[in-house]
Chemist: 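Below is the structure I would like to discuss, written out as structure tokens.
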Number of protein chains: 2
Amino acid sequence: MRNLAAVTDPAESVLLRLSAIVELTEGDRDLLRNAGASTQRKIAVRRELISEGEPVSRPLMILAGWGARIRVLSDGRRQILSFVLPGDLIGVGRQRGALASSTVLALKDMVVAEAPCEQLLPDDSSLPAAYVASSSIDEFYLQSHITRLGRLTAYERCADFLLEIGERMSLAGLTEKNSFRMPLTQECLADALGLTSVHINRTLQALRKDGVISACGGRVTLHDPSALAHLVDHRRAPNIRRRAA
Amino acid sequence: MRNLAAVTDPAESVLLRLSAIVELTEGDRDLLRNAGASTQRKIAVRRELISEGEPVSRPLMILAGWGARIRVLSDGRRQILSFVLPGDLIGVGRQRGALASSTVLALKDMVVAEAPCEQLLPDDSSLPAAYVASSSIDEFYLQSHITRLGRLTAYERCADFLLEIGERMSLAGLTEKNSFRMPLTQECLADALGLTSVHINRTLQALRKDGVISACGGRVTLHDPSALAHLVDHRRAPNIRRRAA
DNA sequence: CGCCCCCTTGAAGTGTGTCAAATCGGGTGG
DNA sequence: CCACCCGATTTGACACACTTCAAGGGGGCG
């Protein structure tokens with residue numbers, strides 16, 4: 001049972017996600033587990049994990065909770081650039097001391113830990129490769145988000161977005177069948193998808209009416225992900241080693 | 001005269017851009033100039049520099065020409081994710097052999113060369129730092145693009161976009177005062193900014209009528225960049241060492 | 001000269017935004 | 001256990017930014 005494991009080991013999501021990217025050595029796993037156990041700290045809702053314009057701290061791994069990378073315009077308009085999920089790494093492959101290009105906000109209480117430092121790894125470690133691959137996956141999702149905002153309708157944006165989150169939650173071992181927790185308000189969805197919360201509401205209703213998703217109590221179920229993926233021409237991240245299953 | 005220098009040394013734009021990011025050693029400059037002279041090749045318009053889903057080749061530096069990173073949907077809709085300009089690096093900090101997440105297309109005839117290989121650099125080289133910083137700047141621009149598409153009006157999108165391109169051209173030493181060449185069709189602009197070419201046309205007219213830009217013969221002039229930047233809440237890339245001037 | 005691509009313009013349609021009010025649901029205090 | 005409150009969701013009516021469709025014009029190039 002993956003979910004039970006996630007409870008026992010705080011770094012479980014990170015381990016799952018990274019081993020879907022590269023083959024981790026046993027040493028790597030220990031390093032991650034140790035870092036997860038010894039350097040973890042909590043970030044309360046609404047707190048900023050990283051603040052735009054300030055020097056970034058050490059690279060972090062996300063053990064639990066949801067965050068969002070955001071930009072806020074001077075008149076209050078807000079854009080969510082990406083969501084930060086358990087298993088994700090942030091700030092790896094950045095030069096130390098560089099200024100953050102955007103703010104990362106905790107949407108739910110989060111637990112984070114410091115990612116093992118790249119300079120102090122054994123020679124046979126595959127973590128450097130994992131870090132590089134992890135950031136190319138992040139870049140892929142940024143590109144997908146651009147395409148969503150630029151060329152998809154509201155209906156397609158929602159569907160495509162839910163597919164992506166489902167994929168990412170699955171990588172972190174946080175799905176059961178095609179269902180996962182998604183503790184986002186419709187206003188958050190709106191800020192991510194470039195719409196208003198009113199329109200998000202109507203669009204989600206349309207998706208439910210069409211029977212492609214159901215949602216209740218912060219839990220989303222995709223009824224037929226592959227059919228939906230085909231419908232909205234959804235692309236999955238390349239460079240992920242598909243599980244045998 | 002910077003422009004004359006750009007003619008004499010093919011790697012001039014790369015040198016200018018990278019030295020705005022980090023302090024380059026004399027050895028670094030030689031490496032870049034040599035690579036620029038010895039490994040350069042041309043890419044004809046409409047040719048793909050990188051093809052989505054295929055393994056990426058060696059990291060490249062752009063010596064001349066314009067390219068675009070694109071995604072195409074199955075029904076023909078197209079989104080331009082970013083533009084590739086002289087001085088840019090592409091594919092640095094990616095694991096060799098990984099699959100490309102998007103296609104890079106030459107919009108004009110391009111000249112590219114292989115970027116000096118990270119493994120073969122002298123210890124005092126600052127190129128690794130430059131590569132890392134260069135890709136965080138790329139990421140910054142992706143984030144800006146998301147914000148443009150998600151939360152700005154057509155008018156703001158165009159203005160913000162032109163400011164960004166002006167900034168980048170200036171880094172590569174390709175501006176004169178506030179004017180630069182921009183060989184993009186309005187359809188390209190539309191595909192980048194998530195609009196139709198018809199609407200781009202009308203929006204550019206509005207910008208001209210308001211006296212904020214003028215454009216003729218593929219040359220754009222921004223009449224008062226800082227006022228415009230303030231108007232549309234434009235943000236410049238962090239981590240760029242401003243020239244003393 | 002004539003073709004082709006790109007830009008330009010007009011008129012009409014629609015997806016999404018705006019504004020405002022009602023309802024729901026979960027927490028809190030009496 | 002009920003009364004209240006607050007944020008989130010839902011609904012309706014209307015407005016408008018942007019799209020669509022279609023036709024015309026301009027400039028480079030064979």
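Letters go in sequence order (proteins before strands), and every chain restarts at 1.
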Chemist: Could you state the atom-to-atom distance from CZ of A:R157 to P of C:dG15 in whole Å?
Modeler: 13 Å
Chemist: Heavy-atom nearest nucleotide on DNA chain D for A:R151 versus A:T185: which residue maps closer to 5'?
Modeler: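 The answer here is A:T185.
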Chemist: Do any of residues 188-207 of chain A sit with a heavy atom less than 4.0 Å from DNA chain C, and if so which?
Modeler: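 Hits under 4.0 Å, by residue number: A:G194, A:L195, A:T196, A:V198, A:H199, A:R202.
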Chemist: Nearest 0.5 angstrom please: B:Q40 CD to B:L60 CG, how far?
Modeler: 12.5 Å
Chemist: Could you measure the distance from the CG atom of A:D191 to the OG1 atom of A:T185? Nearest 0.5 Å is fine.
Modeler: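 If we round to the nearest 0.5 Å, A:D191:CG and A:T185:OG1 are 8.0 Å apart.
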Chemist: Verify the distance criterion only: is there a donor paired with an acceptor across the side chains of A:S51 and A:E48 at less than 3.5 Å?
Modeler: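 Yes.
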Chemist: Could you please name the option among C:dC6, C:dT8, C:dT16 that lies closest to any side-chain atom of A:T153?
Modeler: C:dT16
Chemist: For B:R77 and C:dG15, give me the distance from atom CZ to atom P, rounded to whole Å.
Modeler: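 Answer to the nearest Å: 13 Å.
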Chemist: For A:E139 and B:S101, does a side-chain donor sit closer than 3.5 Å to a side-chain acceptor?
Modeler: no
Chemist: For the residue pair A:R71 / B:S144, report whether a side-chain donor-acceptor contact shorter than 3.5 Å exists.
Modeler: yes
Chemist: Evaluate the side-chain proximity of B:L204 to B:I200: yes if any heavy-atom separation is below 4.5 Å, no if none is.
Modeler: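 Heavy-atom side-chain distance check passes, below 4.5 Å.
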Chemist: Quantify the bending of the helix from C:dT8-D:dA23 to C:dG30-D:dC1 as the angle between its end axes, each fitted on five pairs, to 10°.
Modeler: 40°
Chemist: May I ask you to establish whether B:R148 and B:Y141 are in a cation-pi arrangement, using a distance under 6.0 Å from NZ or CZ to the six-membered ring centre and at most 45° from the ring axis?
Modeler: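 Not flagged: B:R148 not positioned over aromatic ring of B:Y141.
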Chemist: NZ of A:K209 versus P of D:dT11: gap in Å, rounded?
Modeler: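 Taking NZ of A:K209 and P of D:dT11, I get 12 Å after rounding.
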Chemist: Just how far is it from atom OG1 of B:T203 to atom CZ of B:R208, taken to the nearest 0.5 Å?
Modeler: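 So the OG1 of B:T203 and the CZ of B:R208 are separated by 10.5 Å.
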Chemist: Would you mind reading off the distance between A:L152 atom CG and D:dC18 atom P, rounded to a whole angstrom?
Modeler: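 That distance rounds to 18 Å.
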Chemist: Over how many whole Å does the gap from B:K108 atom NZ to C:dC5 atom C1' extend?
Modeler: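 Value for this atom pair: 12 Å.
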Chemist: Answer yes if the side chains of A:S134 and A:R17 hold a donor-acceptor pair under 3.5 Å, and no otherwise.
Modeler: yes
Chemist: Go through D:dT10, D:dC18, C:dC7 for me and flag the one nearest to the A:R208 side chain.
Modeler: D:dT10
Chemist: Whole Å only: how far is the CG atom of A:L107 from the P atom of D:dG7?
Modeler: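 Value for this atom pair: 17 Å.
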